[in-house]
A.B. asks: 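This is the structure I have questions about; it appears just below.
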Amino acid sequence: MSALNLTFREANDRDIPEIVNIHNSNVRMNLTSLDRGFLIAEVNEQSVRDNLSRGTQYWVAARANDILGFVAISQPKISTEMLKQIDWNEESYQDKVRDPRHIFIQVLATQPEWSGRGVAQFMYRSLYDTFPNSFFSLFVVINPIVNQRSMNFHLKQGFKQIGTIRWEEFLDLKNYEDALMFKDNSKNDS
């Protein structure tokens, strides 16, 4: 429990509709402003189930019976080809993202009315406690639109940009770029 009276637990099947609701309420197409951060594309219950079947874990921040946020994580097998697509700030990070202790954060989202109230910080602190001595990475979109709130949040949480990946087109976005963000939790500096 936290000061917000939240618990952090692995999601179950009953949580999937609310995970979808939280996710889709944060998708850029459904927002009047991108200032509060955003996700790129919608999901549905089947896509969440498909992710689960491929090894993605969903963890939720719950208050009593209400889910206030979730984080989706995985431990991907990163190919040499994928590594070549990234413009690295330092080559040494390639070994860390291929390390068995590497955890990729696919999505972090909260109920919009709980944005900025400590739920995401609680989930990250809980994630660091649940997976000690791990390396965490994630992507933040930086072009052609910038998720500045996400970038600022992750920098404040101790992440740093270690590379950039570019695509000519991603979904409906041309000249798409993501910043690859990284946090070394093996030093217990959360």
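Positions are given from 1, in the same order as the sequence printed here.
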A.B. asks: Is there a donor-acceptor pair under 3.5 Å between the side chain of Q75 and the backbone N or O of P100?
C.D. replies: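 Between the backbone of P100 and the side chain of Q75 there is a qualifying donor-acceptor contact (under 3.5 Å).
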
A.B. asks: How are the rings of H154 and F159 set relative to one another: parallel (under 30°), tilted (30 to 60°) or perpendicular (over 60°)?
C.D. replies: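 Aromatic pair H154/F159 classed perpendicular.
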
A.B. asks: Can you list the residues that meet the ring pair (Phe, Tyr, Trp, His ring centres under 6.0 Å) rule with Y93, with sequence neighbours excluded?
C.D. replies: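 Here the qualifying residues are F182.
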
A.B. asks: Look only at the side chain of R98 and the backbone of I78, and say whether a donor-acceptor pair between them is shorter than 3.5 Å.
C.D. replies: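 Yes; at least one donor-acceptor contact below 3.5 Å.
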
A.B. asks: Return yes when atom CG of N65 has more than 12 non-hydrogen atoms of other residues, nucleotides or ligands closer than 6.0 Å, and no otherwise.
C.D. replies: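 No, CG of N65 has 12 or fewer neighbouring heavy atoms, counting only those of other groups under 6.0 Å.
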
A.B. asks: Would you say the ring centroid of Y128 lies under 6.0 angstrom from that of F136?
C.D. replies: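 Judged by ring-centre distance (under 6.0 Å), Y128 and F136 do meet the cut-off.
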
A.B. asks: Within the 3.5 Å criterion, strictly below it, is a donor on T56 or Q106 matched to an acceptor on the partner's side chain?
C.D. replies: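 Side-chain D/A pair, T56 to Q106: present.
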
A.B. asks: Is it the case that the side chain of S25 and the backbone of I22 share a donor-acceptor pair, with hydrogens and angles ignored and the cut-off at 3.5 Å?
C.D. replies: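 Side chain of S25 to backbone of I22: a pair is present.
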
A.B. asks: Strictly by modelled atom types, are W88 and E90 linked by a side-chain donor-acceptor pair under 3.5 Å?
C.D. replies: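 Result is no, nothing qualifies.
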
A.B. asks: Looking only at atom types and distance, does a side-chain atom of N26 sit under 3.5 Å from a main-chain N or O of T110, one as donor and one as acceptor?
C.D. replies: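 A pair under 3.5 Å: yes.
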
A.B. asks: Run the numbers on F70 and F8 for ring pair (Phe, Tyr, Trp, His ring centres under 6.0 Å), then give the verdict.
C.D. replies: CA-CA 9 Å; F70 76 93; F8 186 70; over 10 Å; no

A.B. asks: For the pair H102 (side chain) and D95 (backbone), establish whether a donor and an acceptor sit closer than 3.5 Å, ignoring hydrogens and angles.
C.D. replies: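 Between the backbone of D95 and the side chain of H102 there is no qualifying donor-acceptor contact (under 3.5 Å).
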
A.B. asks: Would one find more than 12 heavy atoms of other residues, nucleotides or ligands at under 6.0 Å from atom CZ of R54?
C.D. replies: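 It does: R54 CZ has more than 12 such atoms within range.
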
A.B. asks: How about F104 and F139: are their ring centres within less than 6.0 Å of each other?
C.D. replies: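 Centroid separation for F104 and F139: below 6.0 Å.
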
A.B. asks: Is it the case that the side chain of N24 and the backbone of V43 share a donor-acceptor pair, with hydrogens and angles ignored and the cut-off at 3.5 Å?
C.D. replies: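 Between the backbone of V43 and the side chain of N24 there is a qualifying donor-acceptor contact (under 3.5 Å).
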
A.B. asks: Are the side chain of D178 and the backbone of T164 linked by a donor-acceptor contact shorter than 3.5 Å?
C.D. replies: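 Judged by distance alone, no pair lies under 3.5 Å.
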
